[in-house]
There are 2 protein chains.
Amino acid sequence: MNLKQLAEELGLSQTTVSRALNGYPEVSEGTRRRVQEAAEQHNYRPNTRAKGLATGRSMMIGHVIPASTQHEMVNPVFGDFVAGASIACANRGYDTMFTRVDDGDEEAAYRSLMGKGSVDGVILQVPKIHDSRIALLKRIGLPFAVHGRSSDVTDSYNWVDVNNTSAFRRATEFLIDLGHRRIALINGLEIMDFAKRRRDGYTSALEAAGIAVDPSLMSSEEMTEVSGHHQTRDLLESATPPTAILVASMISALGVRRAIEEAGLKMGKDISVITHDDDLSYLKNGQDVPIFTATRSSVRNAGSILAEILIDSIATPLSPPRHKLLEAELVVGRSTGPAPA
Amino acid sequence: MNLKQLAEELGLSQTTVSRALNGYPEVSEGTRRRVQEAAEQHNYRPNTRAKGLATGRSMMIGHVIPASTQHEMVNPVFGDFVAGASIACANRGYDTMFTRVDDGDEEAAYRSLMGKGSVDGVILQVPKIHDSRIALLKRIGLPFAVHGRSSDVTDSYNWVDVNNTSAFRRATEFLIDLGHRRIALINGLEIMDFAKRRRDGYTSALEAAGIAVDPSLMSSEEMTEVSGHHQTRDLLESATPPTAILVASMISALGVRRAIEEAGLKMGKDISVITHDDDLSYLKNGQDVPIFTATRSSVRNAGSILAEILIDSIATPLSPPRHKLLEAELVVGRSTGPAPA
DNA sequence: TTGAAAGCGTTACCAA
DNA sequence: TTGGTAACGCTTTCAA
């Protein structure tokens with residue numbers, strides 16, 4: 001059933017039926033009800049492509065996943081983020097599209113999405129410290145928003161991020177408070193912006209406590225079980241092994257646990273381990289200090305906020321962000337778009 | 001740049017340009033080259049929605065993810081499957097769309113996708129033993145293919161599955177060969193078809209070896225770390241604990257490991273544990289017997305084959321599957337569609 | 001080998 | 001408050 005047939009059945013014009021269904025004010029209440037009922041009864045849904053062609057919008061938000069980030073899909077937070085974003089999109093009438101590309105084909109993918117008009121905007125994840133995608137998207141004019149920040153990029157853009165720096169600072173402080181002095185950091189690749197921020201949090205806590213930063217205790221690799229395993233093994237085999245380990249990723253942590261077990265050590269007794277995905281807080285001077293709190297739900301929340309911001313910026317590219325910015329424990333949202341016209 | 005502009009620039013009609021770009025034979029080679037070069041140079045891409053409207057196809061394959069299956073997204077095999085499918089789709093010119101729905105809204109989601117014409121077909125995952133989605137999709141005429149099977153469904157449909165039964169039979173045989181007699185199965189929820197098949201493989205191996213199936217050694221719950229943990233704890237606390245555990249999911253296995261560690265037992269010494277995601281084979285009478293081999297790449301492969309099958313069935317709904325069916329170690333593909341006209 | 005023109009199912013402008 | 005009609009950007013039939 002299409003609009004034409006529905007209109008004929010009702011003895012009305014397509015125009016009126018369309019208006020009634022899309023909530024235009026100039027339709028009489030009686031007509032509107034009649035139209036809505038008929039539409040309901042015939043299970044009518046406007047064709048996406050026709051609607052898109054007429055309006056010039058695809059009502060679709062894209063996610064481009066390069067192969068190298070592929071293993072990120074293993075990461076629960078990826079799923080949480082995407083779920084949060086896609087629900088928020090759906091609430092605003094937007095669908096979610098995935099494009100999986102080989103490394104190096106990303107630029108082509110964005111150009112293609114833009115050229116074919118298949119999406120109204122894209123969500124960027126896992127930005128690098130210097131991320132060329134941002135400049136590209138600005139250049140070709142495809143609206144976007146970033147989950148995370150890109151330190152070296154001076155262009156303005158919208159982003160939402162977890163507060164990695166303060167989370168890792170607090171975690172390090174916690175371990176210091178427990179009496180640890182040799183605290184290792186098992187980090188992700190530090191071309192990733194979030195990894196750099198995490199390290200910054202870690203080093204700043206050490207420095208504040210007057211503990212020298214020891215490079216041999218810091219390790220930066222892909223966040224996989226295999227990497228986590230040998231990063232840990234190397235640490236444990238060194239002349240002066242750490243008494244505590246701070247792990248940036250739940251996936252790496254699998255390998256960390258395994259290596260500790262293999263070394264015959266007992267976690268929590270011989271060595272302390274904190275992972276970013278732990279839901280953790282502790283009492284300090286009678287105060288409950290959060291460390292990593294509900295990371296996964298924060299990320300889901302971030303996805304949903306980010307989607308909202310993106311969609312707002314699509315609807316009215318030059319208006320100020322009409323968004324309540326969050327500055328919650330772990331989620332920081334900020335909109336640094338151009339000033340309104 | 002759109003077709004009209006490109007045609008004007010070339011001094012040709014839209015018709016000819018369209019034909020040249022879409023590989024129609026009746027275009028002279030000279031014209032074709034000229035058109036292709038101009039298209040290349042201007043970075044022209046046909047608008048998806050216009051093309052879709054004209055052809056009646058959306059060139060989009062959908063995945064509907066209900067909230068309850070959400071946690072499946074945590075499972076690496078989910079990512080692998082989706083990656084395999086989406087690459088295969090891309091190779092055939094199809095995009096991939098995700099719809100995340102609340103539990104119970106699935107039926108509405110499929111109806112909506114069909115009604116709006118947003119997808120040409122959908123991929124079903126994690127079928128239940130009796131799965132009502134299959135009948136629904138047949139009823140509304142939305143092409144689909146299933147990753148896994150639905151034992152209680154008698155309708156014909158296309159599916160690709162991992163051979164769960166034989167994998168779990170072999171794994172159980174392996175443990176029996178090692179001398180184990182009290183082998184536990186930590187399974188997913190057995191309303192899922194694959195979970196039932198896994199149990200069947202497990203029990204059939206026990207029966208073949210003359211070992212009585214002990215219900216107290218079989219546990220069936222959600223595949224989460226928390227469940228895996230307490231399933232294992234219960235097993236270990238029983239009067240007659242198992243000497244080996246067969247775990248259906250890598251996520252549950254996290255909890256299993258933790259529970260074993262907490263009980264002060266050592267894996268591989270006090271108790272043997274095999275997980276479905278292990279890449280495992282063993283020597284038996286001088287022969288290398290595969291157990292779980294490269295499950296993740298099998299699943300990726302399954303995704304790709306399934307997408308191909310789905311797309312073939314969309315293109316020519318009544319033709320016989322022109323597909324090479326696989327009967328590899330762990331992947332079984334089979335097409336049981338209606339006979340060709 | 002090429003082109004004109006009629007769709008595809010909507011929305012949106014301009015009249016009535 | 002309603003309707004006629006021209007877009008939207010492409011494919012496809014029919015003619016030339």
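Quick note on labels: first sequence line is chain A, next is B, and so on, each numbered from 1.
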### Task
Starting at atom CG of B:L53, determine the distance to atom P of C:dT11, rounded to an integer number of angstrom.
12 Å

### Message
Going by the rule side chain to side chain contact (heavy atoms under 4.5 Å, CB included), which residues pair with B:S112 if we only count those two or more places apart in sequence or in a different chain?
### Response
A:R45, B:K116

#### Entry: Gap between atoms CZ and C1', on A:R57 and C:dT10 respectively (whole Å)
15 Å

### Task
Please indicate whether A:E29 has more than 12 foreign heavy atoms, meaning atoms of other residues, nucleotides or ligands, lying under 6.0 Å from its CD.
yes

### Message
When you measure from the side-chain N and O atoms of B:T55 to the phosphate of D:dT12, is any distance below 4.0 Å, counting only OP1 and OP2?
### Response
no

### Query
Of the nucleotides D:dT1, D:dC10, C:dT10, which has the atom closest to the B:N47 side chain?
D:dC10

### Task
Considering just the side-chain nitrogens and oxygens of A:K51, establish if one lies under 4.0 Å of OP1 or OP2 belonging to C:dT11.
yes

### Polar contact flag, side-chain donor to acceptor under 3.5 angstrom, B:H42-B:Q5
no

### Under the side chain to side chain contact (heavy atoms under 4.5 Å, CB included) test, residues paired with B:N91 that sit two or more places apart
B:I87

### Task
Take atom NZ of A:K116 and atom C1' of D:dC10, then tell me their distance rounded to the nearest Å.
14 Å

### Query
Please give, in whole Å, the distance from D:dT2 P to A:E29 CD?
10 Å

### From D:dT11, D:dG9, D:dT2, nucleotide with atom closest to A:S28 side chain
D:dT2

### Length of the CD-C1' vector between B:E26 and D:dA15, whole Å
14 Å

### Query
What are the residues of residues 3-24 of chain A, sorted by number, that bring a heavy atom to within less than 4.0 Å of DNA chain C?
A:L3, A:Q14, A:T15, A:S18, A:R19, A:N22, A:Y24

### Message
What contact category does B:R32 fall into here, base, sugar-phosphate, or nothing, at under 4.0 angstrom with non-hydrogen atoms?
### Response
nothing

### Task
Could you tell me whether a side-chain N or O of B:T99 sits under 3.5 Å from a main-chain N or O of B:V64, the two making a donor and an acceptor?
no

### Message
Any salt bridge linking B:R92 with B:D312? Criterion: basic side-chain nitrogen under 4.0 Å from a carboxylate oxygen.
### Response
yes

